[in-house]
Each structure stands twice: as structure tokens, then as C-alpha cells.
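Residues: numbered from 1 along the sequence shown. Every heavy atom of this structure was used, including side-chain atoms; hydrogens, water molecules and symmetry mates were not.
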Amino acid sequence: MFGDPTRRTNLIFLALTFFSFHLVNATVLPLLGQYIGTQEKLQDNARGVLPSMAGLIVLKELGSFFTNWFLKSRLHKSVYSTILKLGCGILLLRLILISILLNYTDNIWALGSTNILEGVGIGCLDLVLTLYSHLLSRQTGHYNLNMGIVSTFKTLGSALSVVLGGTLATEANYNVTFPVLTVSIFALSTHDTRIECPFCLFV
């Protein structure tokens, strides 16, 4: 596996792709839950965060479950990159909607419902992670190793995302934080979804 430079390069590229996307996206859910939970319409204190977060997580998991169920029955190698682009595009759309709603409406239900899109987007990315890890492991028996490496980068990106996103929201405000995240994920989407060349030998 690691003696093959092509597979090694592809694995590094896949790990960095997931690191970068989770570096931007992972902080959105806690920031959105915190914003909704601390609005005066709920409670003017942190106790309102718990039910808000619970509701957002349920929406996310439902979206992820049905996305995986729908896509798995229609899989073909030629659509792997399409699924990745679809997931990135949906996450970008979600952040655009949050940025608009945050600045032009106080409707917390509209804000919360955008989390369905995160479930769909993350469902696509998680499925792609499994698929590409399998392709990179073909005839090597290193599937678990590949998944472990990429998942480690993914977790590191998520951890840094929460810290950086929370810091930005504290130093600035939510009206600035979400547009910044939107621009960031747009920049990543236009770069990290160009995967045809790195993975063309395996698709």
C-alpha cells in the first residue's frame, strides 16, 4: 500500500480533503445551536441551548440516514466524485441560507430547519469516505488502516473547527462568523472537489 506512490498520494489527498472540509463545517452546528438557544424568544441564558442542540442533531441525523439509504441503492463508481461535489454543494447552500436568515429574519425555526441540509451533505461526505477508502484498499487489505488515517485527519479538523469558530464568534459576532464560514467553504469546494485526477486510476 504505502510502497505504491500513487495510492500514497491519493490517501494523503483524501485525508487533507476531509480535514479541510471539517475544519470549516464542524463548527456550524454548535454555533447555530448556541445562537438559537440564546435568543430572547427562547431564554436569555445558556439553558436554552440544550433543547436547541438536541433538535438540530435529530434533524442532522435524519438527513444523513435517508441520504445514505437513497444513495447506496444507486451507487456506481462513475458517480463517486458527483456525490462528493453534491455533498459540498449542499453544505455551501446551507451556510448561504444561514447567513441570509441570520441577517434578515428572527425566525429561529427557519434557521433550525437548515440543519436538514447538513445531514444530507455530511451523509454524502461520509459515504464518499467509505467508498474511496475501499477503492484505495483494493487488493491490499488495508481498509481499516486507510479509514483510520482519514478519520484521524477528519477528527482533527473538527476539533480545530470548533475552537476557531467559537473564537471568531466571541471576538466578532454571529453575523460575521457565518458569512466568513460561507466564503471559506466556497473556496474549499472549488478546489477540493477536483478529484478526477488524484483518483482517476481507482474509479
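- At a threshold of 4.5 Å between side-chain heavy atoms, the hydrophobic network of Ile, Leu, Val, Met, Phe, Trp and Tyr places Leu93 and Val180 in two separate groups.
- When side chains are defined from C-beta on, Tyr174 counts as touching Tyr35, because their heavy atoms get closer than 4.5 Å.
- Residues Phe19 and Val150 are not in side-chain contact: their nearest non-hydrogen atoms beyond the backbone lie 4.5 Å or more apart.
- At a threshold of 4.5 Å between side-chain heavy atoms, the hydrophobic network of Ile, Leu, Val, Met, Phe, Trp and Tyr places Leu125 and Leu92 in one connected group.
- Residue Leu111 holds its CG atom at 9.5 Å from CG of Leu97, rounded to the nearest 0.5 Å.
- Within the model, atoms OG1 of Thr17 and NE2 of His22 stand 11.5 Å from one another, a figure rounded to the nearest 0.5 Å.
- When side chains are defined from C-beta on, Asn103 does not count as touching Phe178, because their heavy atoms never get closer than 4.5 Å.
- The CD atom of Gln34 sits 10.5 Å away from the CG atom of Leu32 when rounded to the nearest 0.5 Å.
- Separation of atoms CD1 (Ile100) and OG1 (Thr114) is listed at 11.5 Å; rounding is to 0.5 Å.
- Between Asn25 and Val28 the shortest side-chain heavy-atom distance falls below 4.5 Å.
- Nearest approach of Val162 to Pro30, heavy atoms of both residues: CG2-CG, 4.4 Å.
- When the side-chain hydrogen bond (donor to acceptor under 3.5 Å, both in side chains) test is applied to Ser99, the partners found at least two apart in sequence or on another chain are Thr182.
- A search for side-chain hydrogen bond (donor to acceptor under 3.5 Å, both in side chains) contacts involving Asn173 returns nothing, not counting sequence neighbours.
- A continuous path of Ile, Leu, Val, Met, Phe, Trp and Tyr side chains, each step under 4.5 Å between heavy atoms, connects Leu29 with Leu160, placing both in one hydrophobic cluster.
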**Criterion side-chain contact (heavy atoms from CB on, under 4.5 Å) on Ile90 and Arg94, from CA distance to verdict** = CA-CA 6 Å; Ile90 290 173; Arg94 172 189 177 232; 5.6 Å; no
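- With Leu181 as reference, Thr27 is the one residue of Leu164, Leu91, Thr27 to meet the side-chain contact (heavy atoms from CB on, under 4.5 Å) rule.
- At least one side-chain heavy atom of Cys124 sits less than 4.5 Å from a side-chain heavy atom of Thr67.
- Between the side chain of Ser64 and the backbone N or O of Lys60 there is no donor-acceptor pair closer than 3.5 Å.
- Contact of the Glu61 side chain with the Ile122 side chain is not registered, since no non-hydrogen atoms from C-beta on lie closer than 4.5 Å.
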**Request:** Test Thr130 against Asp126 for side-chain contact (heavy atoms from CB on, under 4.5 Å), laying out the working first.
**Result:** CA-CA 6 Å; Thr130 303; Asp126 287 345; 5.8 Å; no
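- Atoms CZ and CG, from Phe18 and Leu156 in turn, are 14.5 Å apart once rounded to the nearest 0.5 Å.
- Closest non-hydrogen pair, Leu129 versus Ser151, comes out as CD2-OG, 4.2 Å.
- Here the straight-line distance linking atom CG of Leu95 with atom OG1 of Thr177 works out to 11.5 Å at 0.5 Å rounding.
- By the rule that hydrophobic residues join a cluster once side-chain heavy atoms approach within less than 4.5 Å of another member, Ile98 and Leu117 end up as members of separate clusters.
- Using a 4.5 Å cut-off on side-chain heavy atoms (C-beta onward), Val58 and Asn115 make no contact.
- Cluster annotation: Leu62 is connected to Phe65 through the hydrophobic network of ILVMFWY side chains, with a link wherever side-chain heavy atoms come within less than 4.5 Å.
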